[in-house]
Amino acid sequence: MQLYVHIPFCLRKCNYCDFLSGPADESVREQYVNALIKEIEKRGQTFGRRGALTSVYFGGGTPSVLTLRQLEAIYNAISRDFTVDKNAEITIEVNPGSARDKIHFMKNLGFNRLSIGLQSIHKSELAFLGRIHSFEDFRACFSDARDAGFSNINVDIMTAFPGQTESSLAATIDTITKLSCEHISAYSLSIEEGTPFYERFKDIEGPVVGQENERKLYWMTVDMLKDRGYKHYEISNFAKPGFESRHNSGYWKREYYLGVGLGASSCIPAPSGDERVRNTTDMATYLADPLTREESTVLTKDEMIQETIYLGLRMMDGVDTDRFVKRFGVTVRSIYGDVIDDLAAQGLIYEGSSSLSLTDLGIDYGNHVFASFLK
Ligand code: SF4
């Protein structure tokens with residue numbers, strides 16, 4: 001099983017972000033850490049003996065806004081209440097604007113993977129996106145991370161936002177690949193309700209920069225990163241060989257995970273089918289009782305099958321159809337033969353001897369392909 005730890009704090013909200021996160025004063029952060037530790041302890045009593053954790057991921061929000069003492073207290077609680085596999089991937093997301101003096105400490109604590117949110121190297125683009133940091137902050141953070149001994153670093157970049165050009169994106173990609181980070185996540189801007197960008201761009205249908213331009217920037221990113229030795233292993237993720245994110249790959253392979261913290265989701269085994277649960281998203285409720293669930297659904301076999309297909313298709317290796325048979329006792333073809341034939345005829349999907357994957361055209365029409373398996 002994998003463990004996700006949600007830290008819902010940021011120094012300031014970015015203009016595009018609808019994650020469950022935001023600024024909070026120190027007393028709320030302290031109460032939150034105490035509640036989170038309580039939740040970890042209680043969940044540990046249920047899940048702590050079900051095998052070692054293969055990955056731990058501190059995400060948010062911005063985990064690096066916590067103090068060293070708070071990070072240590074959470075980390076120690078996990079080590080005490082769960083067994084963490086000695087080869088586990090242990091990631092922490094950091095913002096270059098709040099991480100610098102904490103990087104060595106994070107490494108010494110036991111984190112072995114760092115995920116740095118950069119988005120762009122350009123001052124005007126960072127300002128447009130509402131990021132709190134500069135490129136110089138990022139460069140210093142990256143250099144600290146290498147000095148501290150992090151040999152597995154992800155950098156997040158964003159594509160297809162107003163003002164970004166092919167040459168400005170190329171410069172961002174060029175700069176970060178020269179730093180030889182091991183992993184790059186490159187997501188196109190999407191406009192989410194409740195964000196400042198939503199108010200500004202809600203009347204535009206589809207990608208804000210236009211469908212054609214968004215696709216052009218996407219494929220330019222893919223080509224540049226492949227040229228520089230990064231494997232395109234998921235629609236929006238790239239890694240040097242052997243550095244694919246194990247935690248995120250677990251989501252796409254539909255492995256079990258436990259989420260702790262405000263609004264954290266879990267997919268856990270239950271007697272009559274897998275259960276998807278979500279913690280309360282209300283901070284006051286969470287602080288009062290961090291075991292409060294907001295949603296809990298036991299999935300039907302059909303729902304588990306659909307999830308396995310559309311999550312698996314996000315990976316370039318596709319759905320492992322042999323594994324599918326072992327898991328569900330039927331072949332993918334016996335359920336979706338007609339859909340597969342139809343999508344293959346349109347050139348959107350490729351059926352190998354033990355896999356089902358998107359073609360390049362299928363990536364461009366991913367939503368259509370995914371929807372075809374949900375009927
Ligand atoms: S730092 Fe990350 S989580 Fe926080 S507002 Fe910005 S994008 Fe969202």
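Order of listing sets the numbers, starting from 1, for every ligand and every atom in it.
- Side-chain contact check for Ser134 and Asp137: at least one donor-acceptor pair (N or O, by modelled atom type) lies under 3.5 Å.
- Listed by chain and residue number, the protein contacts of ligand 1 are Cys10, Arg12, Lys13, Cys14, Tyr16, Cys17, Phe19, Ser21, Gly61, Thr62, Asn95, Arg131 (heavy atom within 4.0 angstrom).
- Salt-bridge annotation for Glu351 and Arg333: present, with a side-chain N of the basic residue lying under 4.0 Å from a carboxylate O of the acidic one.
- Ion pair Glu136/Lys123 not flagged as a salt bridge, since none of the NZ, NE, NH1 or NH2 atoms sits closer than 4.0 Å to an Asp/Glu carboxylate oxygen.
- Between the side chains of Tyr57 and Glu89, no donor N or O sits under 3.5 Å from an acceptor N or O.
- For Arg215 and Tyr218, the positive end sits near the middle of the six-membered ring, less than 6.0 Å away and at most 45° from its axis.
- Below 30°, between 30° and 60°, or above 60°: for Tyr75 and Phe111 the angle between ring planes is above 60°, a perpendicular geometry.
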